[in-house]
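Reminder, nothing fancy here: chain letters follow the sequence lines and each chain counts from 1.
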Number of protein chains: 2
Amino acid sequence: MLAAERRDHLLGLLAREGKIVAKEVAAELGISEDSVRRDLRDLAAEGLCQRVYGGALPASPAVVDYDARQALAPDGKPKVAAVAAALVRPGGSVILDGGTTALAVARALPKDLACTVITHSPTIASALIDHPRAELFLLGGRVFKHSAVTCGAAAVEAAQNVTADVCLLGVTGVHPEAGLTTGDVDEAAMKRALSARAADTYILASYEKIGTASPYRVLPWEKITGLITDADPRDPVVEQLETLGVQVLVAR
Amino acid sequence: MLAAERRDHLLGLLAREGKIVAKEVAAELGISEDSVRRDLRDLAAEGLCQRVYGGALPASPAVVDYDARQALAPDGKPKVAAVAAALVRPGGSVILDGGTTALAVARALPKDLACTVITHSPTIASALIDHPRAELFLLGGRVFKHSAVTCGAAAVEAAQNVTADVCLLGVTGVHPEAGLTTGDVDEAAMKRALSARAADTYILASYEKIGTASPYRVLPWEKITGLITDADPRDPVVEQLETLGVQVLVAR
DNA sequence: CCTGTTCTTGCACGTTTCTGCATGTATCTT
DNA sequence: AAGATACATGCAGAAACGTGCAAGAACAGG
């Protein structure tokens with residue numbers, strides 16, 4: 001393995017999983033921990049990661065990615081995204097919603113994963129252009145500027161022609177009584193249409209969404225397979241959801 | 001083994017496997033490591049690969065494509081784009097093709113212009129998200145990665161449902177005899193479908209496209225309204241096009 | 001066909017870089 | 001506070017590197 005290749009591997013790992021544990025990587029690649037530590041030190045010197053005891057974390061969003069700064073949960077989203085990305089099997093298909101969390105999922109997909117990604121977000125489509133083995137299908141329609149996705153009748157109609165193994169939906173509110181909610185009525189309808197085209201539907205909800213509600217209902221609890229979140233599993237809202245029969249995947 | 005042949009082999013290897021280990025290639029081809037290293041050094045000097053200790057890695061595609069394309073038309077595209085953008089009237093509608101020139105047109109549209117933009121490029125859709133008064137319609141379909149646009153049957157079908165005042169098409173070749181050409185057969189069909197949905201069709205062609213031809217015919221001259229280029233108006237190819245009845249808009 | 005030139009290639013040599021280990025220090029956990 | 005773990009540093013062997021050089025091939029001109 002080339003030294004530079006190893007370095008790329010580390011950066012990829014950092015982007016996909018949001019963290020690096022020196023010991024694990026050393027064992028995985030069959031090299032000494034010293035080399036890993038040296039690489040991390042160099043990467044940190046270039047501002048490409050943040051060195052911490054035991055490994056490394058992504059460099060502060062302000063430095064590395066301006067867009068990521070707008071994220072409400074600076075390190076929750078990559079974790080949620082990593083868990084969600086793991087639900088996409090090689091050769092499988094996924095319907096990917098729009099939004100920053102879904103974008104994180106797109107970035108967390110391994111570069112060489114062979115899969116089919118169906119999305120109504122031009123942003124996500126752009127982000128996946130450089131995944132050579134990913135088949136990409138974009139659902140057309142009127143672009144709803146607030147969240148940069150296609151919505152409306154044409155988009156819903158386009159969604160009727162696709163099918164996938166799993167649907168990953170972002171929402172703005174996750175509340176035991178209000179259910180899964182979002183801020184726009186057309187967007188809610190679009191999410192319902194997407195969910196209906198997949199065998200399983202998982203909700204992506206970083207911790208700050210838990211316990212909040214937005215105006216428009218997306219789906220009732222029965223229609224979803226699970227919830228992926230980085231909230232504390234002992235959070236009262238999360239426990240309440242589990243009593244409702246919602247499968248909760250906790251990202252750590 | 002010829003030197004040029006060896007060079008091609010290296011580039012192929014780089015594309016297929018994502019890396020080159022000098023020692024391995026030398027053993028495989030039965031030549032000295034020195035020769036491999038020399039080749040890699042030359043390739044790196046041309047920006048075709050990134051030299052690293054032990055071998056080489058692909059030059060980042062973003063760097064290669066972006067630089068290569070920018071190198072082709074250092075400042076012609078913005079000029080062409082400005083002329084093209086002026087064809088979009090307030091309240092009017094435009095079908096915008098994909099590609100770097102069309103992207104330049106999107107960027108050249110005034111921020112507060114009220115118009116309808118129909119496109120099959122997620123990149124262009126993303127670029128227009130921040131135009132508050134522009135209605136944006138995205139044509140869905142299978143994403144053709146090479147040029148980052150939707151193509152194929154679904155995309156052509158989606159195009160049947162829209163109409164616009166003007167269609168702005170990019171091509172890779174503009175030749176008096178070969179006509180307007182591009183490098184992919186599906187892309188050519190998509191461009192035809194787009195052109196058919198607009199009252200007027202203009203071709204965007206920075207000067208380096210003039211006089212060249214690609215494998216697939218897009219449209220015959222009769223179907224287009226005009227050609228927008230930054231080539232010299234006294235260029236023999238341009239003059240020949242004018243005798244064919246093509247309206248040439250020269251960007252200065 | 002011969003000859004001089006240019007280019008390529010492999011080898012030798014000294015230099016640089018990488019890597020794992022050993023050592024002593026810092027930091028975390030219990 | 002003590003043990004465990006992670007860390008930085010120095011060191012030595014190994015590997016990769018660049019450069020100069022000479023042998024050989026390809027080529028142009030006479």
Worksheet entry | Span of DNA chain D, from the first to the last nucleotide whose atoms fall under 4.0 Å of chain B heavy atoms |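 Contact boundaries, 5' end first: D:dA15 to D:dT19.
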Worksheet entry | Nearest-Å distance for atom pair CZ/P, residues A:Arg37 and C:dA26 |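 Atom-to-atom, A:Arg37 to C:dA26, this comes out as 16 Å.
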Discussion item. Just the rounded figure in Å: distance from C1' of C:dC28 to NZ of A:Lys23.
Written reply: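 Taking NZ of A:Lys23 and C1' of C:dC28, I get 14 Å after rounding.
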Discussion item. Test side-chain hydrogen bond (donor to acceptor under 3.5 Å, both in side chains) on A:Asp97 and A:His120; report intermediate values, then the result.
Written reply: CA-CA 7 Å; A:Asp97 193 11; A:His120 64 135; 2.7 Å; yes
So does [Y] get a backbone contact from the side chain of [X], meaning a donor-acceptor N/O pair under 3.5 Å?
X        : Y        : answer
A:Ser214 : A:Tyr216 : no
A:Thr225 : A:Thr201 : yes
A:Gln240 : A:Val237 : no
A:Arg51  : A:Gly55  : yes
B:Lys191 : B:Leu219 : no

Worksheet entry | Sugar-phosphate only, base, or nothing, as touched by B:Val52 at under 4.0 Å among non-hydrogen atoms |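 Sugar-phosphate, no base atom in range.
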For nucleotides 16-21 of chain C, give me every protein contact, N/O to N/O, under 3.5 Å, one pair per line with atom names.
unit_1	atom_1	unit_2	atom_2	d
C:dT17	O2	B:Tyr53	OH	3.3
C:dT19	OP1	A:Arg6	NH1	2.8
C:dT19	OP2	A:Arg6	NH2	2.8
C:dG20	OP2	A:Ser32	N	3.4
C:dG20	OP2	A:Ser32	OG	2.7
C:dG20	OP2	A:Ser35	OG	2.5
C:dG20	N7	A:Arg38	NH2	2.6
C:dG20	O6	A:Arg38	NH1	3.4
C:dG20	O6	A:Arg38	NH2	3.4
C:dC21	N4	A:Asp34	OD2	3.3

Worksheet entry | Steps toward side chain to side chain contact (heavy atoms under 4.5 Å, CB included) verdict (A:Asp165, A:Asp200) | CA-CA 6 Å; A:Asp165 303 331; A:Asp200 290 310; over 6 Å; no
Practice prompt. Report yes if some heavy atom in the side chain of B:Phe144 is under 4.5 Å from a heavy atom in the side chain of A:Leu136; otherwise report no.
Written response: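 They are not in contact (no side-chain heavy atoms under 4.5 Å apart), so the answer is no.
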